[in-house]
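Data block below; observations after.
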Amino acid sequence: MTTQLQLSSNAPTATRSSTRAWAVSTMLVFLALVNWADKAILGLVAVPMMKDLGIGPGEYGTLAGAVYFLFAASAVAAGFLANRVPVKWLLIGMVTIWSLSQFAIWLAPTFVLIFLCRIVLGLGEGPSAGLSFHAAAKWFRNEERNLPVALQNVGSFGGIAVAAPGLTYIVNHWGWHWAFFAVGMAGLVWLAAWAFIGKDGPYGGQTKGDPDVVAADSVFDGSIRIPYRKILGCRSFIGCVCVGLSAYWSLAILSAWMPAYLRNAQGYSATGAANVVMAISLTAIAFLILEAVATNYLMKRGVSSRVARGMMASTSTAIAGVFVALVTLTTPGAAQIFVLCIGFGLGLVAFTTGAVSISEFVPALQRGAVLGIYVAILTSPGVYAPMIFGWIVSAAGAGDRGYTIALLISGALVCVGGIAGLVLIDPRRDALKMMTFAEQV
């Protein structure tokens with residue numbers, strides 16, 4: 001076994017259809033769109049739903065948080081299943097679960113059923129990001145993976161933008177429970193198309209569920225394994241986790257607290273606050289695309305992944321943290337909107353570079369499990385970041401002072417995460433190191 005990252009001598013070379021690769025990638029983008037529409041629906045129907053069910057903010061908060069009860073556990077479990085079962089079928093099972101949960105709410109919209117269905121929804125959606133990243137990695141070589149993974153993240157933000165006007169129209173004309181029918185149908189439409197288009201790619205090693213999928217590109221896409229403790233304990237994995245946690249902290253604060261901060265502390269109207277959040281989302285999409293194009297360009301010209309991926313994501317996150325803190329020094333207006341867009345939009349490129357960096361030093365036979373673990377850790381701020389932010393605001397006073405302290409602390413945390421990534425992430429170094437632990441299977 002050579003320590004150079006080339007084809008191993010016993011790894012047969014696989015062929016790839018570029019058309020099928022991009023067809024699968026496009027389906028994964030639409031999957032992200034449907035996924036985030038499913039997540040966004042509860043917030044969009046919150047007011048009429050709370051009125052009809054006779055529940056208050058506390059009960060509503062319980063419903064909103066229920067989606068995370070099994071989220072991380074299912075992400076890890078499905079990741080390990082992806083080591084043995086073709087991703088095509090795992091995605092079919094996952095989307096079937098979350099679509100059925102939406103139809104159940106449509107048929108019998110009661111508090112208890114919605115609560116249970118939200119838990120089931122999290123069970124189905126938890127593995128979505130990790131499995132989608134793994135599916136894309138099976139179709140694209142190492143230096144090509146940034147763009148298809150970035151487009152999946154674009155689909156996530158696009159899902160919110162598409163869902164808001166469409167589902168609001170349905171709620172206004174037919175009632176809030178029909179919005180759940182709509183997202184359930186969107187899942188079924190995706191399933192019908194995926195049944196024909198979906199297929200595991202050639203860069204995924206050999207699995208028991210799909211023995212004809214063979215190695216290509218590098219020894220890490222061949223039939224080798226590395227002890228998980230070595231993978232999860234390597235510097236690059238820890239660095240990607242630090243950067244990813246920082247980026248997700250920003251996303252969690254953006255989703256849960258940004259409208260309240262803009263309205264309560266900065267005096268924006270409801271429409272003005274919504275427009276600012278939309279501007280931040282569009283900025284994130286622009287940065288995701290620019291980062292992916294730039295990284296692909298650099299990688300294809302021989303620039304190391306430490307620079308093209310690790311340093312780009314880490315530096316972006318560190319700069320974003322500085323801008324999050326700078327928000328507290330600006331006043332409502334164009335300058336503040338600019339600072340908000342950079343602070344909460346720039347760091348989100350870490351979601352793309354983290355997944356593709358990890359894919360570089362993890363064997364294909366274990367990539368699904370490792371990405372599942374990564375996503376489970378990465379998304380954990382979705383549970384605790386809004387609560388911590390809220391505690392800080394409450395402790396310091398709900399006015400501008402409380403938000404100022406919470407944003408300063410958040411900015412510092414995000415910046416530190418980016419700096420940690422700069423120090424730790426070097427995928428090629430750790431790929432070479434991982435080869436010393438490789439076991440042929």
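The analysis underlying the following values was restricted to heavy atoms, covering all of them including side chains, and did not include hydrogens, waters or symmetry mates. Residue numbers count from 1 along this sequence.
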Worksheet item: Are any non-hydrogen side-chain atoms of R235 and R429 less than 4.5 angstrom apart?
Response: yes
Discussion item. Tell me every residue that passes side chain to side chain contact (heavy atoms under 4.5 Å, CB included) with L346, counting only those two or more places apart in sequence or in another chain.
Written reply: F287, S316, I319, A320, I342
Discussion item. My understanding is that only residues two or more places apart in sequence, or in another chain, count here; which of them pass side chain to side chain contact (heavy atoms under 4.5 Å, CB included) with A406?
Written reply: F389, I392, V393
Worksheet item: Of all residues at least two apart in sequence or in a different chain, which pass the ring pair (Phe, Tyr, Trp, His ring centres under 6.0 Å) check with Y374?
Response: none
Fill in: Contacts of E291 that satisfy side-chain hydrogen bond (donor to acceptor under 3.5 Å, both in side chains) - sequence neighbours left out
N146, T295
Worksheet item: Does A431 offer a backbone N or O that forms a donor-acceptor pair with the side chain of E360 under 3.5 Å?
Response: no
Discussion item. The criterion is side chain to side chain contact (heavy atoms under 4.5 Å, CB included); which residues satisfy it with V76, sequence neighbours excluded?
Written reply: F80, I373, A376
Discussion item. Strictly below 4.0 Å, N to O, side chains only: are K88 and D200 in salt-bridge contact?
Written reply: no
Item to complete: For the residue pair R367 and K138, establish whether any side-chain heavy-atom pair is separated by less than 4.5 Å.
Response: yes
Worksheet item: In terms of heavy-atom contacts, does OH of Y384 have more than 12 from other residues, nucleotides or ligands at under 6.0 Å?
Response: yes
Fill in: Qualifying salt bridge (charged side-chain N to carboxylate O under 4.0 Å, His left out) pairs with a residue from residues 340-352, counting only residues at least two apart or across chains
none
Worksheet item: Does some side-chain heavy atom of Q336 sit less than 4.5 Å from a side-chain heavy atom of T331?
Response: no
Worksheet item: Would you say I92 and T96 make side-chain contact, with heavy atoms under 4.5 Å?
Response: yes
Practice prompt. Determine, step by step, whether D426 and S236 satisfy the side-chain hydrogen bond (donor to acceptor under 3.5 Å, both in side chains) criterion, reporting the C-alpha distance in whole Å, the side-chain angles of both residues, the deciding distance to 0.1 Å, and the verdict.
Written response: CA-CA 6 Å; D426 188 344; S236 289; 5.8 Å; no
Fill in: salt bridge (charged side-chain N to carboxylate O under 4.0 Å, His left out) contacts in which one or both residues fall within residues 120-131, not counting sequence neighbours
K39-E125
Quick one: side chains of residues 244-254, donor-acceptor pairs under 3.5 Å with protein atoms, not counting sequence neighbours, listed by atom name and distance.
unit_1 : atom_1 : unit_2 : atom_2 : d
S246   : OG     : C242   : O      : 3.0
W249   : NE1    : S410   : OG     : 3.1

Worksheet entry | Check: F71 main-chain N/O paired with S74 side-chain donor or acceptor under 3.5 Å | yes
Practice prompt. Could you pull out all residues at least two apart from V322 that satisfy side chain to side chain contact (heavy atoms under 4.5 Å, CB included)?
Written response: L326, C415
Worksheet entry | Set of ring pair (Phe, Tyr, Trp, His ring centres under 6.0 Å) partners for W106, sequence neighbours left out | W178, F181
Fill in: Sequence-distant partners of Y261, ring pair (Phe, Tyr, Trp, His ring centres under 6.0 Å), two or more places apart
Y403
Fill in: By side-chain hydrogen bond (donor to acceptor under 3.5 Å, both in side chains) - contacts of S314 (at least two apart)
none
Worksheet item: For the residue pair F180 and W176, does the interplanar ring angle fall in the parallel (under 30°), tilted (30 to 60°) or perpendicular (over 60°) class?
Response: perpendicular
Worksheet item: Can the ring centres of F140 and W22 be said to be less than 6.0 Å apart?
Response: yes
